[in-house]
Amino acid sequence: MNVEVPTPRQRAGGSSALGVTEDQYTIVHKYLFRVIGDVLGDAVTPEVVTAWDEVYWLMAGAGPLSRARVGQYVSVRVLMPDGIHQTRQYSLSNAPGDGLLRITVKRVASDAGDPEGEVSNQLHKTVHAGDELTLSTPFGDVLLDGAGTPLVLVAAGIGCTPMAGMLDHLAATGSTRPVWVLHADRTPAGHALRAEVRRLVEQLPDARAEFWYEQGASGEPGSRTGLMDLDGLALPADADVYLCGPLPFMRAVRTQLLRAGIPARSLRYEVFGPDLWLAHAGE
Ligand SMILES: Cc1cc2nc3c(=O)[nH]c(=O)nc-3n(C[C@H](O)[C@H](O)[C@H](O)COP(=O)(O)OP(=O)(O)OC[C@H]3O[C@@H](n4cnc5c(N)ncnc54)[C@H](O)[C@@H]3O)c2cc1C
């Protein structure tokens with residue numbers, strides 16, 4: 001599902017990506033600084049504590065809402081049926097420049113005995129046009145930079161959302177950058193934003209899209225059956241590459257990209273969950 005909201009206005013001391021609200025700043029401060037002391041031990045001198053304390057309260061009182069940037073995400077706070085609020089992050093799937101922020105939410109179904117996703121299903125079941133949503137300020141540092149270098153946008157599944165936002169921005173700004181859109185999915189029918197991505201690619205003068213489906217290609221040009229395979233694509237070695245998808249997918253593609261001559265420093269990635277990438281970087 002797509003959810004579009006007008007660019008939100010900031011309430012004083014608005015919530016962070018984790019949904020911490022102004023009334024919780026004092027308690028968060030107490031435990032955060034206790035943990036800092038436990039972890040860093042003697043490195044935390046009184047001067048360090050004073051400096052961090054100052055920064056903490058400066059940030060807590062930060063005023064205006066920062067403008068959304070291409071590639072960022074917002075946190076959405078949702079009231080659940082049990083009366084408890086839960087917060088989840090959703091990437092902006094449009095160019096955030098036109099006064100509207102859009103998120104695209106995949107409904108996480110129950111699978112092999114695991115429960116269905118709580119917040120995604122709650123959003124699908126309860127949110128309708130005209131409803132109000134509680135959002136955080138936009139966060140994230142996987143940003144599209146303004147350079148003219150070639151771009152390779154690689155995604156699997158719902159990892160397409162930040163790529164769609166980037167493409168929308170490129171099309172809206174009349175970019176002439178060479179762009180490769182590479183996407184893997186289970187089926188063409190389950191490929192979110194497929195038609196929109198095709199349309200945006202057609203609007204760009206030097207862009208192409210290649211899609212891989214585990215079950216049955218769509219029959220369109222650039223659509224094939226199988227797992228993503230970058231061999232033979234002749235990707236430019238000076239490209240900036242953005243990756244988003246499940247960790248096993250990103251690890252496999254990263255290996256292929258390095259083999260294709262793209263240096264590791266040119267790869268940026270977004271993980272839709274706890275960032276375990278670094279913990280497993282050696283695998
Ligand atoms: C930066 C960022 C950007 C993101 N952008 C997007 C986006 O654009 N679009 C999008 O759809 N999602 C996005 N996500 C993912 C999103 O934030 C949520 O994680 C996703 O919607 C699932 O949330 P949920 O509450 O529905 O699932 P949850 O209830 O959190 O469950 C997640 C998974 O855990 C399993 N699970 C839960 N409890 C158990 C249990 N007891 N035993 C075994 N398994 C269990 C569930 O079956 C499910 O598969 C993003 C995440 C991040 C961090």
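- Ion pair D145/R268 flagged as a salt bridge, since at least one NZ, NE, NH1 or NH2 atom sits closer than 4.0 Å to an Asp/Glu carboxylate oxygen.
- Contact of the V119 side chain with the V108 side chain is not registered, since no non-hydrogen atoms from C-beta on lie closer than 4.5 Å.
- R259 has its side chain within reach of D231: a pair of non-hydrogen atoms, C-beta onward, lies under 4.5 Å apart.
- For the residue pair V74 and P138, the shortest heavy atom distance occurs at CG1-CA, 4.1 Å.
- In this structure, the side chain of Q72 does not engage the main chain of T137 through any donor-acceptor pair within 3.5 Å.
- In this structure, the side chains of L123 and V3 stay at 4.5 Å or more apart for every pair of heavy atoms.
- Within the structure, the side-chain hydrogen bond (donor to acceptor under 3.5 Å, both in side chains) test picks out no pair touching residues 156-167 (sequence neighbours left out).
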### Query
Taking it one step at a time, do E270 and L243 satisfy side chain to side chain contact (heavy atoms under 4.5 Å, CB included)?
CA-CA 6 Å; E270 187 71 87; L243 282 167; over 6 Å; no
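- For F249, there are no ring-ring contact (aromatic ring centres under 6.0 Å, His included) partners two or more places apart in sequence or in a different chain.
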### Task
List the steps and the verdict of side chain to side chain contact (heavy atoms under 4.5 Å, CB included) for L144 and L170.
CA-CA 10 Å; L144 185 66; L170 292 169; 4.0 Å; yes
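- When the side chains of ILVMFWY residues are joined at heavy-atom separations under 4.5 Å, either directly or via intervening members, M1 and L193 end up in two distinct hydrophobic clusters.
- The nearest pair of heavy atoms linking A164 to L200 is O-CD1, 4.0 Å.
- Atom CZ of R69 sits in a sparse spot, with 12 or fewer heavy atoms from other residues, nucleotides or ligands closer than 6.0 Å.
- The number of heavy atoms from other shown groups lying within 6.0 Å of CG (D82) is above 12.
- Under the 4.0 Å criterion applied to side-chain N and carboxylate O atoms, R208 and E202 are not assigned as salt-bridge partners.
- The line from CG of L182 to SG of C160 is 13.5 Å long, rounded to the nearest 0.5 Å.
- Note: the hydrophobic cluster containing F272 does not contain V197 (ILVMFWY, side chain heavy atoms under 4.5 Å, direct or indirect links).
- To the nearest 0.5 Å, atom OG of residue S91 and atom CE of residue M163 are 8.5 Å apart.
- When hydrophobic clusters are built by joining Ile, Leu, Val, Met, Phe, Trp and Tyr residues whose side-chain heavy atoms come closer than 4.5 Å, directly or via intermediates, L143 is not grouped with L151.
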### Task
Go through the steps to decide whether Q215 and T187 satisfy the test side chain to side chain donor-acceptor pair (under 3.5 Å), and finish with yes or no.
CA-CA 5 Å; Q215 296 158 29; T187 61; 6.0 Å; no
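- The two residues R254 and A264 make their nearest non-hydrogen contact at NH2-CB, 3.9 Å.
- Note: T134 OG1 to E132 CD = 7.5 Å, rounded to the nearest 0.5 Å.
- Of the N and O atoms on the side chains of H29 and D53, at least one donor lies less than 3.5 Å from an acceptor on the other residue.
- A distance of 8.0 Å separates OG1 in T176 from CG in D206, rounded to the nearest 0.5 Å.
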#### Entry: Test side chain to side chain donor-acceptor pair (under 3.5 Å) applied to S93 and R102, step by step
CA-CA 6 Å; S93 62; R102 187 184 72 174; 2.8 Å; yes
#### Entry: side chain to side chain contact (heavy atoms under 4.5 Å, CB included) evaluation trace for H85 with M80
CA-CA 6 Å; H85 285 97; M80 306 303 292; over 6 Å; no
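- Here salt bridge (charged side-chain N to carboxylate O under 4.0 Å, His left out) pairs that include residues 238-249, with residues two or more places apart or in two chains, are R177-D240.
- The two residues A43 and V48 come nearest to each other via the heavy atoms O-CG2, 4.0 Å.
- Using a 4.5 Å cut-off on side-chain heavy atoms (C-beta onward), E220 and P188 make no contact.
- Note on L235 and Y269: same hydrophobic cluster, where clusters join Ile, Leu, Val, Met, Phe, Trp and Tyr whose side-chain heavy atoms are under 4.5 Å apart, directly or indirectly.
- In this structure, the separation between CG on N94 and OG1 on T104 is 8.0 Å, given to the nearest 0.5 Å.
- Within a 6.0 Å sphere centred on CZ of R199, other residues, nucleotides and ligands contribute more than 12 heavy atoms.
- For the pairing with Y213, the side-chain hydrogen bond (donor to acceptor under 3.5 Å, both in side chains) check across H191, R224, H183 returns one residue only, H191.
- One side chain, R88 or Q86, offers a donor N or O that lies under 3.5 Å from an acceptor on the other.
- Residues N2 and I103 fail the side-chain proximity criterion, which asks for heavy atoms closer than 4.5 Å.
- Of the listed residues (D185, L230, T225, L227), just one forms a side-chain contact (heavy atoms from CB on, under 4.5 Å) with W212, and that residue is L230.
- To the nearest 0.5 angstrom, Y90 atom OH is 12.5 Å from S136 atom OG.
- Using modelled atom types, no side-chain atom of N121 and backbone atom of E118 make a donor-acceptor pair closer than 3.5 Å.
- No side-chain donor-acceptor contact under 3.5 Å links S175 to the backbone of A171.
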### Query
Where do V241 and V154 land on the side chain to side chain contact (heavy atoms under 4.5 Å, CB included) test, with the steps shown first?
CA-CA 7 Å; V241 182; V154 192; 4.0 Å; yes
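- Contact of the Y73 side chain with the P162 side chain is not registered, since no non-hydrogen atoms from C-beta on lie closer than 4.5 Å.
- Using a 4.5 Å cut-off between side-chain heavy atoms of Ile, Leu, Val, Met, Phe, Trp and Tyr, with links allowed through other members, I36 and Y25 fall into the same hydrophobic cluster.
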### Task
Test salt bridge (Lys or Arg N to Asp or Glu O under 4.0 Å) on E116 and R107 and set out the steps.
CA-CA 8 Å; E116 65 179 22; R107 182 174 198 153; 5.4 Å; no
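- Closest non-hydrogen pair, S266 versus A239, comes out as CB-O, 3.4 Å.
- Listed here is the closest heavy atom pair of A156 and P246: CB-CD, 3.9 Å.
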